Undergrad: 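Provided herewith is a single structure, encoded as structure tokens, for subsequent inquiry.
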Amino acid sequence: MQKPPKMLEEYQSLVAARLRLHETRKAGDDEAKLKEIQDMGDPELLRKWMWLTAIVGGPISFIAVPFILSLFSTFLPVVVMAILWNIAKLAMGMVFIVFLLAVYFTTSVKSNG
């Protein structure tokens, strides 16, 4: 398998560093969680957050948001609804892309390991 471009590696390490900082703040003084975060590699941390985003964001963006927008359509102007629907479609697309990336990175790790 080909090695990812250097720019992709830099971006992954930047995102992983931000996620690791968030996880560390969330863990607080819990020594076990801090040790787990420290031992977790960058690719594993990225996969964890991509799956979390896909699993939580999927039902929200594909079920809850369209339902809420359909309720709002009864009293909001058409122009506003068109903008809101386009924002909802962008959110759906982003969640779907994160899901595809999570599947790709998970299957590429299993095929390498």
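Computed from a predicted structure; not experimentally measured. FYI, side chains are in, hydrogens and waters are out, and symmetry mates aren't considered; it's all heavy atoms of this structure.
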Undergrad: Taking all heavy atoms of Ser61 and all of Pro66, pick out the closest pair and write down the distance.
TA: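 In this case the closest contact between Ser61 and Pro66 is O-CD, 3.4 Å.
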Undergrad: Starting at OG1 of Thr53, measure out to CG of Leu46 and round the result to the nearest 0.5 Å.
TA: 10.5 Å
Undergrad: Find the distance between CD1 (Ile60) and CD1 (Ile55) and round it off to the nearest 0.5 Å.
TA: 12.0 Å
Undergrad: Please tell me whether Leu69 and Phe75 are part of a single hydrophobic cluster in this structure, the criterion being side-chain heavy atoms less than 4.5 Å apart.
TA: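 Yes, it is one cluster - the side chains of Leu69 and Phe75 are joined through contacts under 4.5 Å.
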Undergrad: Can you see which heavy atom on Phe62 is nearest to which on Met92, and at what distance?
TA: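 So the minimum-distance heavy-atom pair works out to CZ-O, 3.5 Å.
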Undergrad: When you group the ILVMFWY residues by side-chain heavy-atom contacts below 4.5 Å and let the links chain together, are Phe72 and Leu90 in the same group?
TA: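 No; tracing contacts between hydrophobic side chains, which count when under 4.5 Å, never links both residues.
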Undergrad: Looking at Thr106 and Val103, would you say the former's side chain and the latter's main chain have a donor-acceptor pair under 3.5 Å?
TA: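 Not a single qualifying donor-acceptor pair exists.
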Undergrad: Please enumerate all residues that pass side-chain contact (heavy atoms from CB on, under 4.5 Å) together with Ile87, with sequence neighbours excluded.
TA: Ile83
Undergrad: Can you name the nearest heavy-atom pair linking Pro59 to Ala54, along with the distance?
TA: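 Answer, listing the atom of Pro59 first, then Ala54: CD-O, 4.4 Å.
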Undergrad: Same hydrophobic cluster for Val98 and Phe96, using side-chain heavy-atom links shorter than 4.5 Å among ILVMFWY?
TA: no
Undergrad: Run through Lys35, Lys48, Lys33, Arg18 and flag the one making a salt bridge (charged side-chain N to carboxylate O under 4.0 Å, His left out) with Glu23.
TA: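 Of the listed options, the one satisfying the test is Lys48.
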Undergrad: Are Met94 and Trp51 connected, step by step, through hydrophobic side chains (Ile, Leu, Val, Met, Phe, Trp, Tyr) whose heavy atoms are closer than 4.5 Å?
TA: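 No, because Met94 and Trp51 fall into different hydrophobic clusters, even though each may have its own neighbours under 4.5 Å.
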Undergrad: Please find the pair of heavy atoms, one from Ala27 and one from Ile37, that lie closest to each other, and give the distance.
TA: CB-CD1, 4.0 Å
Undergrad: Indicate, with yes or no, if Met50 and Leu52 share a hydrophobic cluster defined by side-chain heavy-atom contacts under 4.5 Å among Ile, Leu, Val, Met, Phe, Trp and Tyr.
TA: yes
Undergrad: Would you compute the distance between atom CG of Asp39 and atom CG of Leu34 and round it to the nearest 0.5 angstrom?
TA: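 CG of Leu34 is found 11.0 Å from CG of Asp39.
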Undergrad: Between Val95 and Phe99, does a side-chain contact (heavy atoms from CB on, under 4.5 Å) hold up when you go through it step by step?
TA: CA-CA 6 Å; Val95 168; Phe99 171 72; 5.6 Å; no
Undergrad: Under the 3.5 angstrom rule, does the side chain of Arg20 hit a backbone N or O of Leu45 as a donor-acceptor pair?
TA: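 Looks like no, no N/O pair under 3.5 Å.
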Undergrad: So Leu76 and Leu84, do their side chains get closer than 4.5 Å, heavy atoms only?
TA: yes
